[in-house]
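Positions are given from 1, in the same order as the sequence printed here.
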Amino acid sequence: MVRFHLDVLTDAGLVTSRAVQSGTRGRPRRLYLPASRAVAGGQTGYELLSGILAERWAGDSEQRARRAEQTGWDWAGHQEPGPAVTAATLAEAAVHVNAVFAELGFEPDLARDGDSLEIRLHACPFRAVAIKHPDVVCSMHRGLLRRALADVDAPPAAVSLQPFVQPHLCLARITPVTAPSPGRQIPPSTGSGGKP
């Protein structure tokens, strides 16, 4: 029964296996290992590479954050498009954004906080890199948040992302903006044309 499950994991590319000669008769034993083995310091190859890239991103903290936010905006544009959705209210838009973060593995939950909507992100898949480089990683997630709202033509909103309000909790906040905004674009934090 266990071998069946290990074969499924192997087929999915999550586990590698190889035959091991035991010196006895019969079918050779199989050794199973995780496909993504940890490297020095307990980091996966992805974490190590991501950390190096974030560290080498030139500029001061503000420049790094601005470029990272643009990268998050662009990243959201590369996600598989779902059915076209237009959100009539911020609450509807927040449901869409919550689903985007869920799809990416953030284990979000949506809550109302007065007029604002809060998306509590419980499991950042980039946490190891975000701890060392929050200006890059958290700004990228803010750009993703802005783009997800813009993609559903959400009503005007101010957006913020507070990293590590608790060790395993970040807060994305969506607050209505009372002044009308042309084209119902999400107000950018930097740049123009609705892009961060």
Whether Glu103 side chain and Val100 backbone form a donor-acceptor pair below 3.5 Å: no

Pairs touching residues 156-172 that satisfy side chain to side chain donor-acceptor pair (under 3.5 Å), sequence neighbours left out: Arg127-His168

Please report the closest heavy-atom contact between [X] and [Y], naming both atoms and the distance.
| X | Y | value |
| --- | --- | --- |
| Arg64 | Asp135 | NE-OD2, 2.7 Å |
| Ala157 | Leu90 | CB-CD2, 3.8 Å |
| Pro134 | Lys132 | CD-C, 3.4 Å |

Atom [atom1] in [X], atom [atom2] in [Y]: separation rounded to 0.5 Å?
| X | Y | atom1 | atom2 | result |
| --- | --- | --- | --- | --- |
| Arg173 | Arg142 | CZ | CZ | 14.5 Å |
| Cys170 | Ile119 | SG | CD1 | 12.5 Å |
| Glu107 | Leu121 | CD | CG | 10.5 Å |
| Phe101 | His96 | CZ | NE2 | 10.5 Å |
| Cys138 | Leu161 | SG | CG | 6.0 Å |

Partners passing side chain to side chain contact (heavy atoms under 4.5 Å, CB included) against Ala65 (at least two apart in sequence or in another chain): Ser139

Residues that Asp151 engages under side chain to side chain contact (heavy atoms under 4.5 Å, CB included), provided they are two or more places apart: Arg147

By side chain to side chain donor-acceptor pair (under 3.5 Å) - contacts of [X] (at least two apart):
| X | result |
| --- | --- |
| Ser116 | Thr175 |
| Asn98 | none |
| Arg120 | Glu118 |

Linked, directly or transitively: Ile174 and Leu171 (ILVMFWY side chains, under 4.5 Å): no

Inter- and intrachain pairs under ring-ring contact (aromatic ring centres under 6.0 Å, His included), touching residues 138-164, at least two apart: Phe106-His141, Phe126-His141

Contacts of type salt bridge (charged side-chain N to carboxylate O under 4.0 Å, His left out), residue Glu92, not counting sequence neighbours: none

Minimum side-chain heavy-atom gap Val97-Leu117 below 4.5 Å: no

